[in-house]
Asker: 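Just dropping this structure here.
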There are 2 protein chains.
Amino acid sequence: METNLVNKIKNITGESGLLLGKDVSERKAGIWIDKPIAARAIVRPKDTKEVSEILALCNKNKLSVVPHGGLTGLSQAAITKSNEIVVSTERMIKIEDIDPVGRTLSSQSGAKLQAIQEAAESEGMYFPLDLGARGSCTIGGNASTNAGGNKVIRYGMTRDLVLGLEAVLADGTIISSMNSMIKNNTGYDLKQLFIGSEGTLGIITRVVLRLQEKPLSQCTALLAADSFDKVKKILKHLDSGLAGNLTAFEVMWNEFYILVTTPPALSNPPIPQNYPFYILVEYSGFNQVVDTQHFNGLLEAALKKDIILDAVIAQNEKDRRRLWGIRDDVEQQFQYGPIKIFDISLPINSMEAYIKEVRANLKKHWKEFHCTVFGHLADCNLHIITAVGSGEKKAIKLMEECVYEPLRAIKGSVSAEHGIGLEKKSYLTVSKTEEEIKLMKKLKKSLDPNNILNPGKIFD
Amino acid sequence: METNLVNKIKNITGESGLLLGKDVSERKAGIWIDKPIAARAIVRPKDTKEVSEILALCNKNKLSVVPHGGLTGLSQAAITKSNEIVVSTERMIKIEDIDPVGRTLSSQSGAKLQAIQEAAESEGMYFPLDLGARGSCTIGGNASTNAGGNKVIRYGMTRDLVLGLEAVLADGTIISSMNSMIKNNTGYDLKQLFIGSEGTLGIITRVVLRLQEKPLSQCTALLAADSFDKVKKILKHLDSGLAGNLTAFEVMWNEFYILVTTPPALSNPPIPQNYPFYILVEYSGFNQVVDTQHFNGLLEAALKKDIILDAVIAQNEKDRRRLWGIRDDVEQQFQYGPIKIFDISLPINSMEAYIKEVRANLKKHWKEFHCTVFGHLADCNLHIITAVGSGEKKAIKLMEECVYEPLRAIKGSVSAEHGIGLEKKSYLTVSKTEEEIKLMKKLKKSLDPNNILNPGKIFD
């Protein structure tokens with residue numbers, strides 16, 4: 001990098017705030033990517049003011065900037081080119097304040113999700129966002145991608161958990177919307193611009209999160225159903241019986257369940273492997289004895305009516321972890337060789353026919369293939385993993401077409417919770433109209449006229 | 001209006017879609033306003049396509065357009081000038097679809113809130129948004145103003161209940177984001193632009209709402225506390241004891257309680273009038289017997305510890321309505337003569353000192369005044385009603401300064417749930433920074449370059 005620019009950045013961040021050369025290329029481009037970071041530099045600001053000064057400098061010099069959090073994203077939204085500058089939030093990790101009365105937590109954006117969960121816990125509170133990457137992902141990354149997870153049906157996406165936010169625009173302007181109130185209707189809700197926009201409209205520097213009171217009981221069960229129609233009935237039966245308080249409703253299609261309950265998988269099958277559908281359900285309430293009674297009563301009623309065909313109920317925390325272990329053993333998919341992981345959403349009523357169509361599409365191209373399906377059904381979110389014996393570009397593109405194209409007609413989404421990044425931008429038109437994409441581009445142009453912020457991500 | 005324009009509009013909407021002259025001025029400008037509508041015309045489109053054609057026409061001719069829903073707003077966001085054109089959604093009332101499996105309802109924006117609640121109910125579902133104006137307000141108006149209400153602590157604001165939305169931009173472009181999934185991360189969440197922006201960025205034509213399963217039990221009580229510190233402790237005690245499932249937490253300051261429990265008010269005092277604070281709490285669960293036991297147990301524990309000093313528990317629906325009747329008898333305020341109603345929010349920890357400061361401010365200007373306080377405390381939202389014996393502009397401005405100015409230092413909001421409209425736009429800087437307002441204006445300019453959509457509302 002030019003000496004002049006190096007000096008200017010060092011003037012802003014200090015010596016240790018700038019990484020060059022080997023210090024850059026020694027880092028992996030992402031937790032799931034086996035390539036080094038290619039970038040002119042990694043800049044590591046300590047606070048919002050430094051982020052502002054760096055962006056003003058880059059904007060003046062028309063230098064592309066890619067924000068980096070924990071690099072755990074699954075949509076290539078943090079991939080860099082060799083001429084781009086990384087702004088990493090790794091030194092912005094301060095949890096600034098916890099208010100147990102207002103039930104809020106404010107933090108710099110580089111704080112890890114797990115650190116935030118633990119900070120909330122230390123004040124007797126609960127931050128319900130949770131993902132497998134909790135130890136590595138940052139709250140800024142969670143907000144930028146509007147992360148989801150397993151408890152969205154009860155607590156919502158990251159968007160629903162962020163009360164306030166501070167972000168820096170491309171020109172260095174600081175938009176400080178650090179609201180801490182549940183109700184605040186004073187003009188446009190600007191934080192929404194930065195949540196889920198994958199760093200293309202601003203760099204998130206601080207957040208105010210809404211905390212919840214802790215769940216005091218857990219009721220968990222694994223259920224089996226013999227048709228998708230029954231799966232829908234079970235959802236209705238349990239969530240209406242719990243008056244809309246069901247906390248998780250994770251469905252596994254037969255092929256997925258067999259895979260994760262057969263050696264070398266971590267689990268044995270607690271229910272025989274011959275049912276078409278398996279459902280992991282959970283309710284978090286406030287009285288273990290009473291809640292268990294009510295929850296079990298609902299399950300018994302469904303068993304009697306043959307809506308549920310088999311059930312295993314967790315008797316303790318160890319059981320509970322064992323049941324979740326089945327659902328979470330996604331790594332077994334690698335047995336199939338090169339795989340492609342999809343993250344889609346679609347109306348529940350369309351799911352059965354849609355999965356049939358995807359399988360039929362795959363069959364047109366490959367005699368043998370795997371198509372395992374599981375996901376957060378109550379949120380309309382399914383994960384599909386396909387394997388066709390090849391990881392080549394052409395094969396991946398064909399798999400993508402098999403999975404994405406049928407979503408068009410049923411108004412499904414090519415990304416439920418992972419985002420678009422580079423990975424899905426050529427399929428954006430499946431889920432967004434021409435007018436929507438035009439409006440997105442108008443917003444981008446208006447807020448970042450030089451196109452320096454994470455350029456080429458989501459759309460060109 | 002010019003014959004040419006009249007004909008063009010009639011070509012779009014048909015004869016009955018255009019009201020002129022007396023048909024306009026016979027209508028009241030708002031449910032709380034005793035003046036007729038002053039406008040060139042009221043246009044009544046039947047669907048999104050007609051709204052689109054009307055806006056394209058108005059944009060081409062640079063005619064200002066004010067969207068009208070149920071006219072129940074409290075911030076003068078639907079006030080018109082005599083040269084403006086009203087676009088009313090009164091003929092766009094179709095509830096298009098209810099999906100009890102996907103738990104969604106889609107509707108045109110002119111449908112009344114109550115009609116939507118009832119439609120959900122008819123399918124055994126529940127739409128939790130609820131306001132006093134339910135019979136008159138429209139769902140499009142609720143979305144445009146991001147309406148709140150009494151159950152926000154559990155179910156969120158309108159923003160949290162809208163999954164998808166269709167809106168027409170100033171130039172007639174239809175942005176159809178009729179998403180029906182809880183998870184959908186495909187680029188910018190464009191619906192957020194139109195929610196809460198009071199018709200300044202687009203006219204909402206259709207919505208997809210998230211429905212909930214119905215509550216199966218209700219536990220309601222009126223409590224008394226002798227200090228604000230205890231009020232905070234009661235909130236913590238109940239919400240943590242219910243693991244974050246408290247449904248309502250409405251606080252009344254002493255002066256308010258005395259007013260609404262003394263003739264000619266509708267209610268007698270179920271608890272003596274000498275306590276500094278009264279709290280109406282509610283929990284909605286799934287088993288009346290068990291929930292009552294748990295809820296009463298929590299109250300008893302708090303009574304034993306002297307956190308709560310007195311309590312009346314509703315034994316049935318009639319009792320419950322009676323307790324809510326006390327909270328809802330806001331009309332008694334008119335006994336005080338001309339009043340000014342405020343809708344503010346602020347951190348719970350700042351409330352006690354803030355209310356003292358407001359009273360001290362009022363005392364500087366008036367020897368005698370009323371300042372009654374009540375509201376949705378758990379959402380940080382208080383309503384303050386002031387009366388100083390005069391309804392003149394100068395007095396109103398002084399009262400506004402007394403109430404709004406102290407919010408600056410504590411990052412409070414001049415509008416928790418009613419919006420800004422014309423009423424509060426001169427106080428927008430109390431709650432928004434210069435940079436935020438500049439960004440709002442940039443968005444407005446980008447989406448509505450001719451400034452035809454509800455011009456002058458929120459900001460100039």
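Residue numbering restarts at 1 for every chain, and letters A, B, ... go by the order of the sequence lines.
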Asker: Counting only non-hydrogen atoms closer than 4.5 Å, can you tell me which residues of residues 185-194 of chain A sit against chain B?
Answerer: A:N185, A:T186, A:G187, A:Y188, A:D189, A:L190, A:Q192, A:L193, A:F194
Asker: What option among A:L246, A:I344, A:L235 has the most heavy-atom pairs under 4.5 Å with chain B?
Answerer: A:L235
Asker: Looking at A:K183 and B:M157, would you say the former's side chain and the latter's main chain have a donor-acceptor pair under 3.5 Å?
Answerer: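 Side chain of A:K183 to backbone of B:M157: no pair is present.
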Asker: Under 4.5 Å heavy-atom distance to chain B, tell me which part of A:S240 shows up: side chain, backbone, both or neither.
Answerer: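 Both parts, backbone and side chain.
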Asker: Under 4.5 Å from any heavy atom of chain B, what part of A:D343 do you find: side chain, backbone, both or neither?
Answerer: neither
Asker: Residues in ring-ring contact (aromatic ring centres under 6.0 Å, His included) with B:Y427, at least two apart?
Answerer: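 B:Y427 satisfies ring-ring contact (aromatic ring centres under 6.0 Å, His included) with B:Y404 only.
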Asker: Check A:M181 against B:S345 and note the closest heavy-atom contact, atom names and distance.
Answerer: CE-OG, 3.3 Å
Asker: Most heavy-atom pairs under 4.5 angstrom with chain A, which of B:L242, B:T433, B:L443, B:V430?
Answerer: B:L242
Asker: Please classify the contact of A:I174 with chain B as side chain, backbone, both or neither, using a heavy-atom distance under 4.5 Å.
Answerer: backbone
Asker: Between A:I420 and chain B, which part of the residue has a heavy atom less than 4.5 Å away: side chain, backbone, both or neither?
Answerer: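 For A:I420, the contact with chain B is made by backbone and side chain together.
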Asker: Among B:R154, B:Q212, B:E213, which residue meets the side chain to side chain donor-acceptor pair (under 3.5 Å) test with A:N245?
Answerer: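 Of all the options given, the one that passes is B:R154.
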Asker: Return each pair, listed once, that meets salt bridge (charged side-chain N to carboxylate O under 4.0 Å, His left out) where at least one residue sits in residues 283-297 of chain B; pairs must be two or more places apart or across chains.
Answerer: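 Every candidate salt bridge (charged side-chain N to carboxylate O under 4.0 Å, His left out) pair involving residues 283-297 of chain B fails, so no pair, neighbours aside, qualifies.
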Asker: Are the aromatic ring centres of B:F286 and A:F295 under 6.0 angstrom apart?
Answerer: no
Asker: Shortest non-hydrogen contact from B:R210 to A:I153?
Answerer: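 Heavy atoms of B:R210 and A:I153 come nearest at NH2-O, 2.9 Å.
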Asker: Heavy-atom count check: over 12 atoms from other residues, nucleotides or ligands less than 6.0 Å from B:K232 NZ?
Answerer: yes
Asker: Excluding sequence neighbours, so at least two apart, what forms side chain to side chain contact (heavy atoms under 4.5 Å, CB included) with A:K214?
Answerer: A:E121, A:Y126
Asker: Drop me the distance from B:N184's CG to A:S415's OG, to the nearest 0.5 angstrom.
Answerer: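 Nearest 0.5 Å value for the CG-OG distance: 7.5 Å.
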Asker: Yes or no on side-chain hydrogen bond (donor to acceptor under 3.5 Å, both in side chains) for B:S177 and A:E436, after CA distance, side-chain angles and deciding distance?
Answerer: CA-CA 8 Å; B:S177 300; A:E436 287 178 295; 2.5 Å; yes
Asker: When you look at CD of A:Q293, are more than 12 heavy atoms from neighbouring residues, nucleotides or ligands closer to it than 6.0 Å?
Answerer: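 No, the 6.0 Å shell around CD holds no more than 12 heavy atoms from other groups.
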Asker: I need the B:T173 OG1 to A:L439 CG distance, nearest 0.5 Å.
Answerer: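 So the gap between those two atoms works out to 8.5 Å.
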Asker: Give the minimum heavy-atom separation between A:G285 and B:A243, together with the two atoms involved.
Answerer: O-CB, 3.5 Å
Asker: Please look at B:V290 and chain A and tell me whether the side chain, the backbone, both or neither of the residue comes under 4.5 angstrom of a heavy atom of that chain.
Answerer: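 Side chain only.
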Asker: With only heavy atoms counted, which part of B:I195 is less than 4.5 Å from chain A, the side chain, the backbone, both or neither?
Answerer: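 Neither the backbone nor the side chain of B:I195 comes within 4.5 Å of chain A.
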Asker: Sort out for me which of A:K432, A:K442, A:K411 touches chain B most, counting heavy-atom pairs under 4.5 Å.
Answerer: A:K432
Asker: Which one of A:S176, A:G421, A:P100, A:S180 has the most heavy-atom pairs closer than 4.5 Å to chain B?
Answerer: A:S176
Asker: Contact part of B:N179 toward chain A, heavy-atom cut-off under 4.5 Å: side chain, backbone, both or neither?
Answerer: neither
Asker: Please look at B:T104 and chain A and tell me whether the side chain, the backbone, both or neither of the residue comes under 4.5 angstrom of a heavy atom of that chain.
Answerer: neither
Asker: Top residue by heavy-atom pair count (under 4.5 Å) with chain A, among B:E434, B:K424, B:H376, B:E198?
Answerer: B:H376
Asker: Highest number of heavy-atom pairs under 4.5 Å with chain A: which of B:I348, B:D160, B:N349?
Answerer: B:N349
Asker: Is chain B contacted by the side chain of A:I458, its backbone, both, or neither, given a heavy-atom distance below 4.5 Å?
Answerer: side chain
Asker: Would you mind checking which part of B:L216 comes under 4.5 Å of any heavy atom in chain A, side chain (CB onward), backbone (N, CA, C, O), both or neither?
Answerer: both
Asker: Measure distances from A:T145 to the heavy atoms of chain B and classify the residue's part below 4.5 Å as side chain, backbone, both or neither.
Answerer: backbone
Asker: Looking only at heavy atoms, which two atoms of A:I182 and B:C380 are closest? And how far apart?
Answerer: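 Reported closest heavy-atom pair: N-SG, 4.1 Å.
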Asker: Answer yes when A:D239 and B:R103 have at least one side-chain N-carboxylate O distance shorter than 4.0 Å, and no when they do not.
Answerer: yes
